Every structure is written in C-alpha cells, then in structure tokens.
There are 2 protein chains.
Amino acid sequence: MTQRADARRNQQALLDAAAEVFVRSGVDAPVRDIAATAGVGMGTIYRHFPTRAELIIAVYRHQVEACAEAGPRLLAADPPLVALGRWIDLFADFLVTKHGLAGLMQSDDFRPLHEYFLDRLVPVCTSLLDAAAAAGEIQGDLTAYELMRGVGNLCIGSDDRYDARRLVRLLVSGLAAPRPASP
Amino acid sequence: MTQRADARRNQQALLDAAAEVFVRSGVDAPVRDIAATAGVGMGTIYRHFPTRAELIIAVYRHQVEACAEAGPRLLAADPPLVALGRWIDLFADFLVTKHGLAGLMQSDDFRPLHEYFLDRLVPVCTSLLDAAAAAGEIQGDLTAYELMRGVGNLCIGSDDRYDARRLVRLLVSGLAAPRPASP
DNA sequence: TGCTAAACGGAACATTGCTCCGTATCGTTA
DNA sequence: TAACGATACGGAGCAATGTTCCGTTTAGCA
C-alpha cells in the first residue's frame, strides 16, 4: 500500500472542493476556503498539494488531456487549417470558462502550471501547425509555443464587451495572411 | 493656495519613487516599499493616492497622453492601415516595457486603471480603425475596444520565447484578412 | 489489543493592504 | 515674530492570507 485510506479520501475531497471553489471564487481563492470546503485542516492541503500550481494542475488534468487528445482526431477529420482553428477554439473555450486561470499563468510563481500546460499542448499544436504549413495554408514562422501563449493571453478577462473567442479567431486569420500591407 | 508645500513635495517624491520601484519590482510592488523609497510614511501615500490604480495612472499619465496624441499625427502621415499598425506598435511598446501592467488590468479591483487607459485610447483607435475601414483596407466589425484589450492581453509576459510584438502584428494582419479559409 | 508510522488539524508566524489618530508642520494673522 | 488653526504626516495596529510546525489522532499491522 502506498497511501493510507484517509489520505486518499482527503485528497479526493480536496480536488472536489477546489473544483467547486475555483468556480465560485476563481483559481486564486484563499487556501483556507478550499480546506474548509473539503472539511480538512490547513496542514492537509499543503501536504497533498504543496503549491497552488500543483492543485490547479490536478483539478484540470482531465480537461487538458482531453484537449490534447482531440488534436490528432481533428487533424484526421478536417483540412489542417480548419482542424487548427477548431482545436484552438477548444483550447480557448477551456480557458475562457476558467476565470483567472490564464491570468495566473503569467506569474513566475506559477511556472510549473505554465510548464504543464505548454508541455502537454505545444506538441499537439505543433503537429497541427506543421500540417497546415505543409498544405500551404499558412505562412510565417510563428512557433506553436508563441501561438499557445498568445491565445492564452487573449482569453484573459472575456466578458460582455470583450469577446475573447472573436479575437482568437482573428489571430488565427492572421496566421493565414501574415502580410497585411502588401497586396 | 490649494496644497501645502510639503504635500506637493511628497506627492512628487512618491511619483518618482513609484516609477523607480515599478521598474524594479513591477507595478504590484508592496506599498511599504514605495513609501520607504519616497521617504514618507504609510499614511502619506494613501492620502495622495487612495488606490493603487490612481498611483499607476499618475505615474504613466504622460506616456498614455503621448500615445494618444501620436494617433492623429500618424494618420496624417501614412495610409490608414500603416498608421494603425504603427500606432498599435507604439501602444504595445509601452505595455511590454511595464512588467505586470497589462496583467493587472484584468483584475476587477483595477477598474479605474482599465477605464482610464481605455477612455483615453479607444477614441484614438476608433478613428484609425474607421479610416482604415473607409479606405477599404480592413474588413470585419471588430470594435476599437476589443482590439485594444486584445493587444493589451497579448503584451502580457513578453520574454525571450514569447515575442508579444510579433503576436500583435499577427493580430493586426488578421484585421486585414478576416476570412482565413477562403482565397 | 497494542504499537508505530502516517496523516491530521490548527495555532502561530510572516507578509501585505489599509485605517486611524496623536503629533508635527505650514501658512496666516495679529 | 509669535501664536494659532488647519493641513499633512508617520507609523502603530488590524485584517486577510500564505505557509510552517508540532502535538495529537488514526489507520494498518502484528
């Protein structure tokens, strides 16, 4: 046995509580709130998730995996640029619904979070980008890393007056036509 | 007289100190640091600048004004889309060099900051956008508000591997060609 | 049932934002 | 120039939050 039963139970309770509190108060909700919602003490949360980044990663791991796995599927079903657009939409949908997640990424304190997301998704994005480039559907030499970060940034603070998804689509348009001022 | 001499002196000292500390530690530097650098007490900083947003606005007011005033000048000197591109570059340069400024904007606590920037710059951007649309150089109905926010977001966390300016240029490209999948 | 190691809980400390009030200083007026 | 009132100052103190530490509890095993 690698973990005691109560430890396993508490870890799951923390994941559930964090998911709930993140929706209610954003991913920067007070640690005490999460612990209280899970019905555990302060020590327990830090024992299971020493940093906030680790907790966030654990909470969203499934969704990130799902997004990553969708990439090849989309690429098989559609022309590369369409697939890229659809996949980026998927990623944007994920971020837009997580208030404050994208905003947190910029902070140096959350490097592990940043790294997990990018390590998992950049390769997928690269394959989509490469396919589109090979098909001659996009120009320019933008890296998948930059595209992911750009899309991530655009998704910050989406609301009534700022439709992040629209900006993301515009950015992808730019990929297909990178020279604005020349005919 | 509207303000005592020591008050005037301290206000200027605070502006100088804030500018210095913002460069050293970002715009979210501890209030105590700024007060200490200025050589004043906690009370004084809050008396002159009740909220952080007001302090930040005061520190950067000149630069925002300069950017706003550059708009019409650029529009007079170049074709609309070129002028728009140059002006956006100016704006991006301003943000990229202010570590954390763009990141702060998203927070609800800094609404006044957000509002000041947008109230001052959106009209300028609108005139550039309208001119470009009138000249048939761009399509789509993106608002200046959305464009400014998009550019602001893209400028978060620029570093070695993420060239925010490049993403901004790409976004502007998208403005000129909003339909990626059609020839 | 009793033992040990794992896990727990929450008090305590550090940091930071912000307020409040006794004190000091400025500018004016006699 | 001396005294006075209004203005401004300083920093202690409170509240919120992150993080650590250790005495206590409990699960699993013999």
Side-chain angles (χ1 to χ4, degrees), chain A residues 1-18 20-22 24-59 99-101 103-104 106-113, chain B residues 1-18 21-22 24-59 99-101 103-113:
Chain A
M1 161 161 318
T2 180
Q3 204 182 24
R4 242 167 65 171
D6 53 350
R8 229 182 347 264
R9 208 179 330 123
N10 282 332
Q11 178 155 342
Q12 189 54 52
L14 277 168
L15 285 174
D16 294 347
E20 179 189 326
V21 173
F22 285 172
R24 192 169 60 229
S25 315
V27 290
D28 55 353
V31 183
R32 279 170 176 76
D33 286 0
I34 302 169
T37 302
V40 305
M42 296 295 300
T44 300
I45 192 166
Y46 279 100
R47 200 168 309 107
H48 286 286
F49 305 100
T51 68
R52 185 179 292 267
E54 286 170 75
L55 178 58
I56 296 174
I57 290 172
V59 168
H99 260 280
L101 212 191
L104 235 58
Q106 69 151 325
S107 166
D108 255 17
D109 300 337
F110 292 91
R111 181 107 95 225
L113 179 60
Chain B
M1 162 163 318
T2 181
Q3 202 182 25
R4 241 167 62 173
D6 53 351
R8 231 186 341 268
R9 210 178 329 124
N10 282 332
Q11 178 155 342
Q12 190 55 51
L14 277 168
L15 285 174
D16 295 346
V21 174
F22 285 171
R24 190 168 60 229
S25 315
V27 291
D28 54 354
V31 183
R32 280 169 174 77
D33 286 1
I34 302 170
T37 302
V40 305
M42 295 294 299
T44 300
I45 193 167
Y46 280 100
R47 200 168 309 108
H48 286 286
F49 305 100
T51 68
R52 185 180 292 267
E54 287 171 76
L55 178 57
I56 295 174
I57 290 172
V59 167
H99 262 278
L101 213 189
L104 234 59
M105 298 269 196
Q106 70 153 323
S107 166
D108 255 18
D109 301 338
F110 292 92
R111 180 106 95 222
L113 178 61

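All chains are named by letter (A, B, ...) in the order of the sequence lines, taking the proteins before the strands, and each is independently numbered beginning at 1. Atom set for the values below is all heavy atoms of this structure, side chains included, hydrogens, waters and symmetry mates excluded. Note that the coordinates shown come from a computational prediction; the quantities given were computed from them, not determined experimentally.
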Visitor: Given Val40(A) and Ile34(A), is the side-chain contact (heavy atoms from CB on, under 4.5 Å) satisfied, shown in steps?
Guide: CA-CA 9 Å; Val40(A) 305; Ile34(A) 302 169; over 6 Å; no

Visitor: What is the distance from atom OG1 of Thr44(B) to atom CZ of Phe49(B), rounded to the nearest 0.5 Å?
Guide: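 Rounded to the nearest 0.5 Å, the OG1-CZ separation comes to 11.0 Å.
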
Visitor: For a quick check, tell me whether the side chain of Arg52(B) and the base of dG17(C) share a donor-acceptor pair closer than 3.5 Å.
Guide: no

Visitor: Between protein and nucleotides 1-9 of chain C, map the contacts as a letter string: B base, S sugar-phosphate only, - none, heavy atoms under 4.0 Å, written 5' to 3'.
Guide: ----BBSBB

Visitor: Starting at atom CZ of Arg9(A), determine the distance to atom P of dA27(D), rounded to an integer number of angstrom.
Guide: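 Going from CZ in Arg9(A) over to P in dA27(D) covers 7 Å.
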
Visitor: Just the rounded figure in Å: distance from P of dG10(D) to CD1 of Ile34(B).
Guide: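 Atom CD1 in Ile34(B) sits about 15 Å away from atom P in dG10(D).
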
Visitor: Show your reasoning for whether side-chain contact (heavy atoms from CB on, under 4.5 Å) applies to Val59(A) and Leu55(A).
Guide: CA-CA 6 Å; Val59(A) 168; Leu55(A) 178 58; 4.2 Å; yes

Visitor: Whole angstroms only, please: what is the CZ-P distance between Phe49(A) and dG18(D)?
Guide: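 Taking atom P of dG18(D) as the reference, CZ of Phe49(A) is at 16 Å.
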
Visitor: Can you check the Leu104(A) CG to dG18(D) C1' distance for me, whole Å?
Guide: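 The answer, rounded to whole Å, is 14 Å.
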
Visitor: What is the distance, rounded to the nearest whole Å, between atom OH of Tyr46(B) and atom P of dT19(C)?
Guide: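 Interatomic distance, OH of Tyr46(B) to P of dT19(C): 7 Å.
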
Visitor: What are the two closest non-hydrogen atoms of Ala35(A) and Gly41(A), and how far apart are they?
Guide: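 Result for this residue pair: CB-O, 4.0 Å.
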
Visitor: Hey, mind stepping through Gln11(A) and Leu14(A) against side-chain contact (heavy atoms from CB on, under 4.5 Å) and telling me if it holds?
Guide: CA-CA 5 Å; Gln11(A) 178 155 342; Leu14(A) 277 168; 5.7 Å; no

Visitor: Within the supplied structure, the quantity of interest is the number of heavy atoms (other residues, nucleotides, ligands) at a distance under 6.0 Å from Arg24(B) CZ; does it exceed 12?
Guide: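 More than 12 heavy atoms, drawn from other residues, nucleotides or ligands, come within 6.0 Å of this atom.
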
Visitor: Please report the distance, rounded to the nearest Å, between CG in Asp109(B) and C1' in dC18(C).
Guide: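 The distance from CG of Asp109(B) to C1' of dC18(C) comes to 13 Å, rounded to the nearest Å.
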
Visitor: In whole angstroms, how far is the C1' atom of dG11(D) from the CZ atom of Arg32(B)?
Guide: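 These atoms are roughly 10 Å apart.
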
Visitor: Rounded to whole angstroms, how far apart are CG on Asp28(B) and P on dC18(C)?
Guide: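 After rounding, the gap between these two atoms is 13 Å.
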
